[in-house]
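Written out below as structure tokens is the structure these notes cover.
Numbers here simply count residues along the sequence, with the first being 1.
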Amino acid sequence: MGAAGSKLEKALGDQFPEGERYFGLENFGNTCYCNSVLQALYFCVPFREQLLDYYGNNKSLADSEENLLTCLADLFSQISSQKKKTGVIAPKRFVQRLKKQNELFRSYMHQDAHEFLNFLLNELVDILEKEDQAAKNDEETSPPSEKAANGPKNGLSNGAKKEPLVTWVHKNFQGILTNETRCLQCETVTARDETFFDLSLDIEQNSSITSCLKNFSSTETLNAEDKFFCDKCCSLQEAQKRMKIKKPPHILVIHLKRFKYIEQLGRYKKLSYRVVFPLELKLSDTVEEADIEYSLFAVVVHVGSGPNHGHYVSLVKSHNHWLFFDDENVEMIDESAVQTFFGSSQEYSSNTDHGYILFYESIANRN
């Protein structure tokens with residue numbers, strides 16, 4: 001990418017951000033699903049900084065035991081420490097580890113970028129939780145002199161429930177949804193919380209993210225064979241159910257459900273619907289009722305007309321510039337070009353480049 005790299009440097013000129021690196025990623029045979037998500041995560045600055053901090057503090061761990069977390073940290077460290085400002089890096093070690101870890105990604109078939117993102121974030125959390133548990137076990141087996149005089153720091157008395165570990169992955173991506181069900185007989189509301197790393201939204205033709213989120217939080221009536229068992233009434237009752245965001249995440253990841261199973265066809269079909277995603281998003285319909293403001297910083301785009309073939313690229317906002325990452329190639333694009341990835345307002349269109357995963361950062365979360 002020598003020529004393309006220098007072209008990008010020329011395009012940015014004096015505006016090239018101090019200390020920033022823009023590197024394309026080599027494709028190892030249909031690994032664009034991986035490259036596009038890695039670029040989005042690299043330019044998720046709080047996540048990148050915390051990952052590099054972790055790497056700096058756990059260098060010995062990285063040398064002794066390779067896992068997906070150490071491979072990702074090593075890749076991000078390689079990119080950020082390059083002497084050149086632009087170029088191409090081969091994420092070979094990371095891809096090899098990914099294939100070793102999960103057979104789903106072993107073939108050279110077209111993979112799903114959303115499945116990969118989901119797997120990666122959950123895998124990182126698992127590794128951090130295991131490390132934390134191993135460290136606690138080491139503390140417990142250390143000689144008495146090394147233990148604090150007042151007993152273990154996280155000692156829980158009276159059989160108190162152990163709090164789940166909140167890692168820096170959780171702090172960035174985790175939000176909480178609350179599932180409210182109101183019995184229409186006695187008006188009792190039952191609420192159940194669940195955590196999420198991303199929101200998967202159903203989409204409609206000529207819609208927007210705001211309308212998709214409204215549909216996500218809309219009230220659904222449970223009746224006929226779908227009646228709800230109310231504990232207070234001790235019987236099946238008609239009820240109203242709705243989903244609300246109780247705790248919005250710092251980084252809001254929205255997955256547009258562009259691949260839909262069509263019964264009559266007996267297969268998945270790609271929905272090329274036009275769904276407008278704004279550069280600035282107000283998240284209402286939260287439990288607190290307060291609007292949370294988010295700013296778009298990355299989009300993973302699916303290119304192609306079907307679910308089983310195609311290509312992934314990503315758009316990234318870095319230091320107020322928009323960049324287009326297509327495996328090894330990186331180029332600057334105008335902010336107005338982002339809207340060309342909303343989708344098609346007609347079913348049959350030559351434009352097959354559609355926004356698939358959106359990454360928003362809470363404006364309040366920025367330094």
Side-chain angles (χ1 to χ4, degrees), residues 27 30 32-37 39-40 109-118 198-218 220 243 252-285 294-317 321-327 329-360:
N27 188 323
N30 264 350
C32 56
Y33 69 92
C34 173
N35 289 348
S36 57
V37 168
Q39 295 290 11
M109 300 275 288
H110 181 69
Q111 304 290 349
D112 187 294
H114 175 246
E115 273 181 25
F116 164 65
L117 172 65
N118 227 303
D198 65 67
L199 292 179
S200 285
L201 302 182
D202 287 310
I203 60 172
E204 290 173 356
Q205 179 56 289
N206 292 319
S207 60
S208 66
I209 290 298
T210 310
S211 65
C212 293
L213 283 164
K214 275 206 175 84
N215 287 343
F216 181 79
S217 292
S218 63
E220 177 192 349
M243 199 78 110
L252 175 65
V253 181
I254 294 175
H255 160 236
L256 302 180
K257 289 158 89 171
R258 288 205 175 271
F259 303 118
K260 188 178 181 182
Y261 188 77
I262 311 293
E263 287 283 347
Q264 302 93 305
L265 300 174
R267 61 178 169 81
Y268 281 89
K269 179 188 177 197
K270 182 180 177 185
L271 305 176
S272 60
Y273 299 162
R274 178 179 163 83
V275 181
V276 174
F277 44 89
L279 298 174
E280 305 290 326
L281 174 71
K282 265 197 179 139
L283 192 64
S284 42
D285 256 345
Y294 285 92
S295 181
L296 184 72
F297 71 88
V299 182
V300 171
V301 173
H302 181 268
V303 181
S305 54
N308 302 318
H309 52 84
H311 184 53
Y312 286 103
V313 296
S314 46
L315 318 174
V316 161
K317 187 181 185 181
H321 299 287
W322 278 92
L323 298 157
F324 178 79
F325 286 84
D326 180 358
D327 288 332
N329 298 307
V330 187
E331 57 189 72
M332 247 181 100
I333 56 165
D334 201 66
E335 186 174 84
S336 61
V338 174
Q339 61 192 328
T340 61
F341 299 93
F342 289 166
S344 320
S345 44
Q346 283 95 28
E347 184 166 356
Y348 299 103
S349 162
S350 56
N351 173 17
T352 63
D353 307 6
H354 310 124
Y356 183 47
I357 312 171
L358 314 173
F359 293 76
Y360 283 93

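Between atom SG of residue C34 and atom CZ of residue F116 there is a gap of 4.0 Å, rounded to the nearest 0.5 Å. Rounding to the nearest 0.5 angstrom, the gap separating the NE2 atom in H255 from the CD1 atom in I203 is 9.0 Å. Note: Q205 CD to R274 CZ = 9.0 Å, rounded to the nearest 0.5 Å. Distance check, rounded to the nearest 0.5 Å: CG of L201 to CD1 of I254 gives 5.5 Å. Rounding to the nearest 0.5 angstrom, the gap separating the NZ atom in K317 from the CZ atom in F297 is 11.5 Å.
Residues V299 and V316 form no side-chain contact, since every pair of their non-hydrogen atoms from C-beta on lies 4.5 Å or further apart. Proximity of L323 to I333: side-chain heavy atoms (C-beta onward) are nowhere separated by under 4.5 Å. For the pair F216/M243, a side-chain contact is recorded, criterion being any heavy-atom separation below 4.5 Å from C-beta on. Contact of the L279 side chain with the W322 side chain is registered, since non-hydrogen atoms from C-beta on lie closer than 4.5 Å. Annotation: side chain of L117 is in contact with side chain of V253 (closest heavy-atom distance under 4.5 Å).
With ring centers used as reference points, Y356 lies under 6.0 Å from F259. In this structure, F342 has its ring center closer than 6.0 angstrom to the ring center of F277.
The side-chain hydrogen bond (donor to acceptor under 3.5 Å, both in side chains) test applied to N27 returns T31, D327, not counting sequence neighbours. Among residues two or more places apart in sequence or in another chain, the side-chain contact (heavy atoms from CB on, under 4.5 Å) test is passed with N215 by E204. Residues passing the salt bridge (charged side-chain N to carboxylate O under 4.0 Å, His left out) test with K282: none are found, sequence neighbours excluded. S344 pairs by the side-chain contact (heavy atoms from CB on, under 4.5 Å) definition with S272, S349, N351, H354, not counting sequence neighbours.
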Quiz: residues 303-312 side-chain donor-acceptor pairs under 3.5 angstrom, not counting sequence neighbours:
{"from": "H311", "atom 1": "NE2", "to": "D326", "atom 2": "OD1", "distance (Å)": "2.7"}
{"from": "Y312", "atom 1": "OH", "to": "A113", "atom 2": "N", "distance (Å)": "3.3"}

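Of all non-hydrogen atoms in A40 and V300, the two that sit nearest each other are CB-CG2, 4.4 Å. Across every non-hydrogen atom of L296 and Y360, the tightest pair is N-CD2, 3.4 Å. The two atoms that bring C212 and S207 nearest to each other are SG-OG, 3.9 Å, heavy atoms only.
Donor-acceptor pairing under 3.5 Å is recorded for the side chains of H114 and D198.
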(request) Would you please test L281 and T210 for side chain to side chain contact (heavy atoms under 4.5 Å, CB included) and show each step? (result) CA-CA 8 Å; L281 174 71; T210 310; 4.1 Å; yes

(request) Go through the steps to decide whether V313 and S36 satisfy the test side chain to side chain contact (heavy atoms under 4.5 Å, CB included), and finish with yes or no. (result) CA-CA 5 Å; V313 296; S36 57; 5.8 Å; no

(request) Carefully, step by step, assess V330 and F324 under the rule side chain to side chain contact (heavy atoms under 4.5 Å, CB included). (result) CA-CA 6 Å; V330 187; F324 178 79; over 6 Å; no

(request) Just do the side chain to side chain contact (heavy atoms under 4.5 Å, CB included) check on L252 and L199 with the steps written out, would you? (result) CA-CA 8 Å; L252 175 65; L199 292 179; 4.0 Å; yes

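A salt bridge (charged side-chain N to carboxylate O under 4.0 Å, His left out) check over residues 254-267, counting only residues at least two apart or in different chains, returns the pairs D202-K257.
With Q339 contributing its side chain and S336 its backbone, the two residues share a donor-acceptor pair below 3.5 Å. Put simply, the side chain of T340 gets close to the backbone of A337: a donor and an acceptor are under 3.5 Å apart.
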